[in-house]
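Quick notes on the structure that follows.
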2 protein chains.
Amino acid sequence: MAKTTRGPSMHDVAARAGVSHQTVSRVLNGHHSLRPETRDRVLEAIAALGYRRNLAARALVTGRTQTIGMVGPDSAEIGPLSTLHAIEKAAREAGLSTLMTSAEPSREQMVESVEFMMGRGIDALAVVAQQVGITAAIDELNLDVPVVHLLAGDQDVSTFATVDQKAGVRLAMDHLRELGHTRIQHISGPATHGEARSRRAAFENYVAQAGLEVLPVLDGDWTSDSGYEAGKLIDPSATAIFSANDQMAFGVIHALSEAGVRVPHDVSLVGFDNTAEARHCLPPLTTVVQDFGAVGQAAVDLIGGLLQGHDVEPVLVAPSLELRESTAAPRA
Amino acid sequence: MAKTTRGPSMHDVAARAGVSHQTVSRVLNGHHSLRPETRDRVLEAIAALGYRRNLAARALVTGRTQTIGMVGPDSAEIGPLSTLHAIEKAAREAGLSTLMTSAEPSREQMVESVEFMMGRGIDALAVVAQQVGITAAIDELNLDVPVVHLLAGDQDVSTFATVDQKAGVRLAMDHLRELGHTRIQHISGPATHGEARSRRAAFENYVAQAGLEVLPVLDGDWTSDSGYEAGKLIDPSATAIFSANDQMAFGVIHALSEAGVRVPHDVSLVGFDNTAEARHCLPPLTTVVQDFGAVGQAAVDLIGGLLQGHDVEPVLVAPSLELRESTAAPRA
DNA sequence: TGCTAGACTGTGACCGGTCCCAGTCGGAAG
DNA sequence: CTTCCGACTGGGACCGGTCACAGTCTAGCA
């Protein structure tokens with residue numbers, strides 16, 4: 001195989017435009033003191049030669065790689081993945097690239113991923129982790145780059161961008177209550193996940209404040225399998241179920257259907273996430289929508305601010321509710 | 001904000017170990033002519049100083065970035081995403097990092113993504129695209145790095161790693177035929193997708209060779225919405241449906257259920273992909289399983305071979321069939 | 001006219017590695 | 001005893017940018 005062919009360098013461009021390499025650099029970096037004619041000549045030379053700035057050289061001298069690192073989960077969950085996508089897109093629009101690593105949600109794996117990226121050189125870090133404690137573990141590393149947390153449930157960390165979980169729960173519960181439900185059961189995500197804890201806490205608060213009936217919370221782990229199991233344990237007196245995510249809601253429907261319980265005729269069901277399938281399960285699922293694109297964009301904005309040394313405010317993105325056919329007024 | 005603190009350099013290590021920077025480099029690169037004692041002294045110095053090799057400097061002189069670029073789709077489809085994950089994982093284990101970009105499945109966006117990554121410097125490119133024509137478009141760019149295609153339907157390209165679509169279709173069809181079905185209808189993915197075309201072609205071949213009844217193919221676009229629409233058009237004489245993916249199968253179930261048609265009592269249904277939900281839709285879906293992890297690993301292996309200048313063979317990963325409850329013998 | 005600020009451009013050091021070349025040293029071969 | 005070779009090590013150029021600094025030239029002002 002041929003040796004890597006090196007493209008033209010700044011010197012080549014400079015030679016063709018009849019200027020010094022430094023002037024080329026100035027054109028590239030948008031320096032103001034440049035005769036338009038000179039700039040044009042340089043630009044013409046760049047175009048003619050197909051010149052592309054060598055980022056390794058740039059990184060070597062500036063100490064910045066124009067790259068933001070991302071750690072995401074190993075799984076194919078819709079929320080984290082959409083968020084990673086959104087970050088990537090927003091970053092690229094800002095001229096930054098993204099180095100992605102996925103990691104099992106263990107402290108060790110996460111830290112290893114981060115170390116790997118620090119070794120490659122990144123200017124900032126975006127952590128897309130739902131596990132409680134991950135944020136703390138990463139803060140302990142005392143990285144010398146800005147860190148932004150996404151989807152973090154424990155929002156005591158300084159810098160994060162995430163969907164407002166409390167507001168999402170309120171949307172779902174307001175909807176059920178307006179329909180007339182007072183006996184609402186919650187199926188929670190794993191207690192190890194910050195989001196699951198947030199939703200559960202918000203649910204319990206809501207129930208207490210609204211004076212609703214208190215029914216035991218069923219523990220799930222996000223998977224439809226666990227939803228299926230939880231579905232078998234639904235309290236017969238419950239008239240509505242609020243599942244902490246859509247996947248589990250699917251499992252619940254499966255279990256209920258096997259037990260001859262009809263949704264929404266016998267019991268109403270609300271999910272969380274608005275996955276692609278939510279629209280076509282039976283019945284189509286009413287669910288809370290999270291705008292992951294906005295979260296990703298917010299994260300990149302935060303990073304941009306931090307890189308310029310500004311103080312930044314955490315961002316909470318507002319959720320919305322998608323009404324479908326899995327909710328109705330209670331039968332009684 | 002503090003200036004980026006530069007870590008220790010090779011010179012610092014060399015000074016501490018009482019050798020030259022060149023010797024340090026040799027230790028790092030595993031040169032053989034080194035006194036063990038010298039090596040140990042250097043390693044000790046590296047550990048003591050927490051030295052990490054600067055990859056920008058390395059890239060500058062070698063012209064290699066130790067990074068492989070990936071273009072993936074903009075959407076959250078399970079197949080491509082799992083594949084990207086798998087590549088990332090395999091790459092990291094091989095000491096490479098991955099630069100990910102997502103792109104709308106248009107020629108322009110894809111090319112733009114690739115250009116972006118070439119500008120950042122990548123040693124190889126993995127294309128996770130399903131669109132027909134993308135491979136050609138990228139080949140036309142005449143990149144001077146090795147390119148591997150994944151999930152590409154048009155397998156006339158030289159280097160690819162993908163699941164054997166034909167074998168997957170055969171698994172599904174053999175299963176249906178063994179149950180006794182002869183009137184099988186296919187719901188295809190979009191004709192713009194290579195995989196959809198492969199599956200459809202394999203289906204039609206199978207029908208012809210096995211002498212099965214020929215029923216019109218219904219056109220879908222991967223979404224459960226389109227499956228829902230197709231579900232309304234199912235031929236009443238069909239006893240089984242082979243959907244080109246799971247999402248569409250969900251839509252089909254939705255439509256059939258509205259029409260009072262029961263799966264599998266009245267009609268059998270097979271999907272493709274084994275999404276997380278397939279296990280818990282009603283009824284749980286029999287579907288073809290693709291091992292995306294294997295595909296990703298194979299891609300990295302291919303890239304490794306290409307980078308060393310070897311000739312490599314394309315890889316076809318064998319699929320399997322997950323039997324669930326959506327298939328049964330025809331009623332008649 | 002002389003002086004100066006500001007616009008514009010060039011020169012050379014430097015970032016931190018790798019590569020090429022050359023050097024030292026001990027033991028084996030002639 | 002010389003010669004040669006291989007093991008081991010060091011010196012310096014170089015990759016392609018950015019930075020600090022210094023120059024040239026023009027216009028404005030006293």
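Protein chains get the first letters and strands the later ones, always in sequence-line order, with residue 1 at the start of each. What you see below is based on every heavy atom in this structure, not just the backbone, and it leaves out hydrogens, waters and symmetry mates.
Taken to the nearest 0.5 Å, the NZ atom of A:Lys89 stands 7.5 Å off from the OG atom of B:Ser102. Residue B:Ser97 holds its OG atom at 7.5 Å from CG of B:Leu55, rounded to the nearest 0.5 Å. For the atom pair CZ (A:Arg39) and CG (A:Leu34), the distance works out to 5.0 Å, reported to the nearest 0.5 Å. The CG atom of B:Leu84 sits 9.0 Å away from the OG1 atom of B:Thr101 when rounded to the nearest 0.5 Å.
Summarising the geometry of A:Val71 relative to A:Leu125, their closest heavy-atom pair is CG2-CD1, 4.1 Å, with the distance given to 0.1 Å.
Taking every nucleotide of DNA chain C with any atom under 4.0 Å from a non-hydrogen atom of chain A, the first and last of them, 5' to 3', are C:dA7 to C:dG16.
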Grab the N/O contacts between the protein and nucleotides 17-19 of chain D below 3.5 Å, and write none if there aren't any.
{"from": "D:dG17", "atom 1": "OP1", "to": "A:Tyr51", "atom 2": "OH", "distance (Å)": "3.0"}
{"from": "D:dG17", "atom 1": "OP1", "to": "A:Asn54", "atom 2": "N", "distance (Å)": "3.3"}
{"from": "D:dG17", "atom 1": "OP2", "to": "A:Met10", "atom 2": "N", "distance (Å)": "2.9"}
{"from": "D:dG17", "atom 1": "OP2", "to": "A:Tyr51", "atom 2": "OH", "distance (Å)": "3.4"}
{"from": "D:dG17", "atom 1": "O5'", "to": "A:Tyr51", "atom 2": "OH", "distance (Å)": "2.9"}
{"from": "D:dG17", "atom 1": "O5'", "to": "A:Asn54", "atom 2": "N", "distance (Å)": "3.4"}
{"from": "D:dT18", "atom 1": "OP1", "to": "A:Arg53", "atom 2": "NH1", "distance (Å)": "2.9"}
{"from": "D:dT18", "atom 1": "OP1", "to": "A:Arg58", "atom 2": "NH1", "distance (Å)": "2.8"}
{"from": "D:dT18", "atom 1": "OP2", "to": "A:Ser25", "atom 2": "OG", "distance (Å)": "2.6"}
{"from": "D:dC19", "atom 1": "N4", "to": "A:Gln22", "atom 2": "OE1", "distance (Å)": "3.1"}
{"from": "D:dC19", "atom 1": "N4", "to": "A:Gln22", "atom 2": "NE2", "distance (Å)": "3.4"}

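Contact annotation: B:Thr23 side-chain N/O to D:dC8 OP1/OP2 distance is not under 4.0 Å.
Side-chain atoms of B:His11 do not come within 3.5 Å of backbone N or O of B:Ser20 as any donor-acceptor pair. Here the side chain of B:Asn29 pairs no donor or acceptor atom with the backbone of B:His31 at under 3.5 angstrom. Here the side chain of B:Thr98 pairs no donor or acceptor atom with the backbone of B:Met100 at under 3.5 angstrom. Of the possible polar contacts, one joining the B:Thr62 side chain to the B:Arg58 backbone as a donor-acceptor pair under 3.5 Å is found.
When rounded to the nearest whole Å, the span between NE2 of B:His31 and P of D:dT9 equals 10 Å.
Under the 4.0 Å criterion applied to side-chain N and carboxylate O atoms, B:Arg41 and B:Glu37 are assigned as salt-bridge partners. Salt bridge annotation for B:Glu140-B:Arg107: present, with a cationic side-chain nitrogen under 4.0 angstrom from a carboxylate oxygen.
Comparing the helix axis at one end of the helix from C:dT1-D:dA30 to C:dG30-D:dC1 with that at the other, each defined from 5 consecutive pairs, gives an inter-axis angle of 60° (nearest 10°).
Within 4.0 Å of A:Leu60, counting heavy atoms only, lies at least one base atom of the nucleic acid.
Interface residues of residues 112-125 of chain B facing DNA chain D, ordered by number: none; criterion, heavy-atom separation under 4.0 Å.
By the side-chain hydrogen bond (donor to acceptor under 3.5 Å, both in side chains) test, A:Thr65 pairs with A:Asp123, sequence neighbours left out.
Pairs engaging residues 48-57 of chain B under the salt bridge (Lys or Arg N to Asp or Glu O under 4.0 Å) rule: A:Glu115-B:Arg52 [sequence neighbours left out].
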